[in-house]
Structure formats: C-alpha cells, structure tokens
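Just the heavy atoms: all of them, side chains too, but no hydrogens, waters or symmetry mates, feed the values below. Note on naming: letters A, B, ... go to the chains in the order of the sequence lines (proteins, then strands), and numbering restarts at 1 for each one. Please read these numbers as outputs of a predicted model, since none were measured by experiment.
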2 protein chains.
Amino acid sequence: MTKKKLLLKANGRIWIDVQDGAFLGYGRIDLLEKIKELGSIRQAALEMKMSYQQAWQLIDEMNNKSKEPLVISSRGGKGGGKAIITDVGEKAILQFKEFNKAFQIFLTSYTKNLNS
Amino acid sequence: MTKKKLLLKANGRIWIDVQDGAFLGYGRIDLLEKIKELGSIRQAALEMKMSYQQAWQLIDEMNNKSKEPLVISSRGGKGGGKAIITDVGEKAILQFKEFNKAFQIFLTSYTKNLNS
DNA sequence: CTTCGTTATTCATAATTAAGAATAACGAAG
DNA sequence: CTTCGTTATTCTTAATTATGAATAACGAAG
C-alpha cells in the first residue's frame with residue numbers, strides 16, 4: 001500500500017508571450033470567444049463581469065502586440081458599433097487551446113507522480 | 001523556409017495544491033531555501049525584499065496546510081530566535097524543483113511547436 | 001535580571017489595481 | 001437631422017493588497 005500522506009495536486013497556468021511581454025492568457029482567450037459569440041466588446045465584458053475599460057484595454061494591448069489585429073472594432077452604425085474576430089484571432093484561440101490541452105495532460109500526469 | 005511571423009513563447013507558472021488551496025509555489029520555495037540558508041525568517045524576508053509579516057504568513061499557511069510543519073521556528077535564546085527547515089520541508093523543496101524542471105522542459109518543447 | 005535580536009501579532013497607512021462615472025465620436029437607419 | 005447603442009477615452013473614486021510601525025513574548029548568555 002502507498003504511504004498515507006497529503007493529497008497533492010499539480011496546478012498552474014500558462015500563457016503565450018511575445019517579445020514585449022504577455023500576449024495571450026486564459027482571460028484574453030475567454031474574452032475573444034465571448035466577442036466572437038456576441039459581436040460586442042461591451043456585451044462580452046458584461047457577461048464576463050468585467051469592466052468595459054478593462055476589456056477594451058486587454059484587446060488593445062493584444063492588437064498592438066500582434067502584427068495584425070485579432071479584433072477589429074468599429075463604432076456607429078446599426079447597433080451602435082461592433083467587434084469581430086479576425087482570422088488571426090481565430091487561429092490564436094485554437095493555438096492557445098491546444099497548448100492548454102497539452103498542459104492539462106501534463107498536470108494530470110504529474111499529479112499522479114506527486115502522490116505515488 | 002518557415003513563414004515570417006511573431007516569435008511566440010510558451011510561458012507559465014506552476015504550483016502544488018492541497019485540498020484547501022495553494023500550498024507551494026515559486027515564492028514559498030524561494031523563502032524556504034533562504035530560511036534554510038540563513039536560519040532566520042527575518043533575514044530571509046529581508047534578502048527577498050519582502051515584509052516580515054508576509055514571509056511569516058506564507059510559512060504559517062504552509063505549515064497549517066501540511067500535516068507536519070515544513071518550518072519550525074522558536075524565539076528567544078542565542079541570536080534572538082531561529083527558524084529551521086524540517087525533513088518534510090526539504091523534501092517539499094526537492095519535489096517542487098523536480099516538478100518545475102519537468103515544466104520548463106514542457107515549455108521549451110512547446111515553444112518550438114508554437115513557432116514551427 | 002539586563003541585554004539582545006528574533007518570533008509573533010495587531011493596526012494604521014501607503015501603494016497598487018480595479019471599477020465607476022462621465023462624455024465625445026461614430027455611422028446606419030428612420 | 002435625430003435617435004440609438006456602441007466604441008473610445010479620461011478622470012475620479014472604490015476596493016484590494018502590501019507595507020511599515022509598534023509592541024509583547026521569548027530564552028540564552030553575560
């Protein structure tokens with residue numbers, strides 16, 4: 001039998017950097033997905049219980065750090081304005097999700113290691 | 001040739017949880033090592049440019065979440081007091097460092113993946 | 001029984017972050 | 001040319017964290 005001990009769990013979080021700092025993490029990915037779903041920064045922020053300013057700032061940073069923007073927004077017009085995810089943005093979402101999937105597998109595997 | 005694109009870097013941080021929350025991360029490991037080296041919570045905190053209260057609180061939480069303490073401290077006596085790392089603490093340091101080593105390898109490998 | 005430097009603890013204040021309020025700009029549609 | 005709901009932006013205020021000050025307790029050593 002395995003020795004009786006605390007149950008440990010390997011945990012962590014990941015993100016993707018570019019040269020000048022953090023680029024894509026869980027929060028930004030969630031935000032991108034919500035924007036894709038709702039077509040609006042404000043609505044996305046609302047649903048994430050995040051202030052509009054914070055959401056806007058996250059997107060702005062993201063766009064500035066990338067050569068091509070991940071989100072394109074416009075104001076005025078039908079509905080007052082809108083925001084859409086570019087192809088670059090869509091690819092970033094997929095890329096991050098795969099990265100995270102691999103990480104979760106790593107964590108699960110290491111958790112077994114910690115308790116053996 | 002590979003398509004010209006942003007240089008991406010997989011990054012992240014890890015820690016070890018117990019049932020009731022975070023247990024061991026980079027900060028606590030650094031602190032444990034400094035205490036081991038210096039035999040004093042205060043000196044360790046000083047060297048880490050961290051307030052004594054924060055250091056003490058980190059250790060206290062750590063000790064409370066573990067069945068057996070990782071640090072034993074005493075006050076009074078020669079030198080005013082002291083703090084030592086238990087065997088459990090030493091093992092925790094090693095365990096975390098191995099975990100981190102594996103994680104760094106994972107990140108390096110995934111960074112290549114991101115840029116290919 | 002005084003000195004010493006630390007552990008242990010509490011509380012007020014400083015510093016940092018996040019949120020909120022307020023407002024201009026916008027363009028399609030009626 | 002007015003209405004609409006959003007984007008974009010700034011500034012003030014709230015909330016959260018971290019730090020510093022202050023002090024009691026401690027026990028070995030002289």
| said: To the nearest 0.5 Å, what is the distance between CG on B:L38 and NZ on B:K82? | reply: 15.0 Å

| query | Taking only residues two or more places apart in sequence or in another chain, which ones pass side chain to side chain donor-acceptor pair (under 3.5 Å) with B:R28? | reply | B:E61

| Can you list the residues that meet the side-chain contact (heavy atoms from CB on, under 4.5 Å) rule with B:A10, with sequence neighbours excluded? | A:F99, B:L107, B:Y110, B:T111, B:L114

| task | Group every Ile, Leu, Val, Met, Phe, Trp and Tyr by side-chain heavy-atom contacts under 4.5 Å, then state whether B:F106 and B:W15 land in the same group. | result | no

| query | In residues 50-59 of chain B, which residues come under 4.0 Å of DNA chain C by heavy atom? | reply | B:Y52, B:Q53, B:W56

| chain B contact limits on DNA chain C, taken 5' to 3' with a cut-off of 4.0 angstrom to heavy atoms | C:dG5 to C:dT10

| Starting at the 5' end of DNA chain D and moving along, which residue's nearest nucleotide shows up first, B:G79 or A:D60? | A:D60

| request: Identify whether A:I29 and A:I14 are in the same connected component of the hydrophobic contact network (ILVMFWY, side-chain heavy atoms under 4.5 Å). | output: yes

| said: What is the separation between atom CE on B:M48 and atom P on D:dA18, rounded to the nearest whole Å? | reply: 14 Å

| message | Once side chain to side chain donor-acceptor pair (under 3.5 Å) is applied, do any residues pair with A:N63, and if so which ones, sequence neighbours excluded? | response | none

| field | B:L24 side, atom CG; B:L31 side, atom CG - distance, nearest 0.5 Å | value | 11.0 Å

| task | Please identify each residue that fulfils salt bridge (Lys or Arg N to Asp or Glu O under 4.0 Å) with A:K97, with sequence neighbours left out. | result | A:E33

| said: Are A:L46 and A:W56 linked, directly or through intermediate hydrophobic residues, by side-chain heavy-atom contacts shorter than 4.5 Å (ILVMFWY only)? | reply: no

| message | Please give me every residue in residues 81-90 of chain B whose heavy atoms get under 4.0 Å of an atom in DNA chain D, ordered by residue number. | response | none

| field | A:E37 vs A:E47 side-chain heavy atoms within contact, under 4.5 Å | value | yes

| request: Output all residues satisfying side chain to side chain donor-acceptor pair (under 3.5 Å) with A:Q104, sequence neighbours left out; order by chain, then residue number. | output: A:N100

| Under the salt bridge (Lys or Arg N to Asp or Glu O under 4.0 Å) test, residues paired with B:E90 that sit two or more places apart | B:K36

| Which residues, ordered by chain and number, are linked to B:L94 in its hydrophobic cluster, where ILVMFWY side chains connect at heavy-atom gaps below 4.5 Å, directly or through other members? | none

| Looking at residues 37-45 of chain A, who's got a heavy atom less than 4.0 Å off DNA chain D? | A:S40, A:I41, A:R42, A:Q43

| Roughly how far, to the nearest 0.5 Å, is the CG atom of B:D30 from the CG atom of B:L58? | 11.0 Å

| request: Give me the ring orientation class for B:Y26 and B:F96: parallel if the planes are under 30° apart, tilted from 30 to 60°, perpendicular past 60°. | output: perpendicular

| Dot-bracket for DNA chain C, 5' to 3', counting Watson-Crick or G-U wobble pairs under 3.5 Å, with [ ] for crossing pairs and | for inter-strand pairs? | ||||||||||||||||||||||||||||||

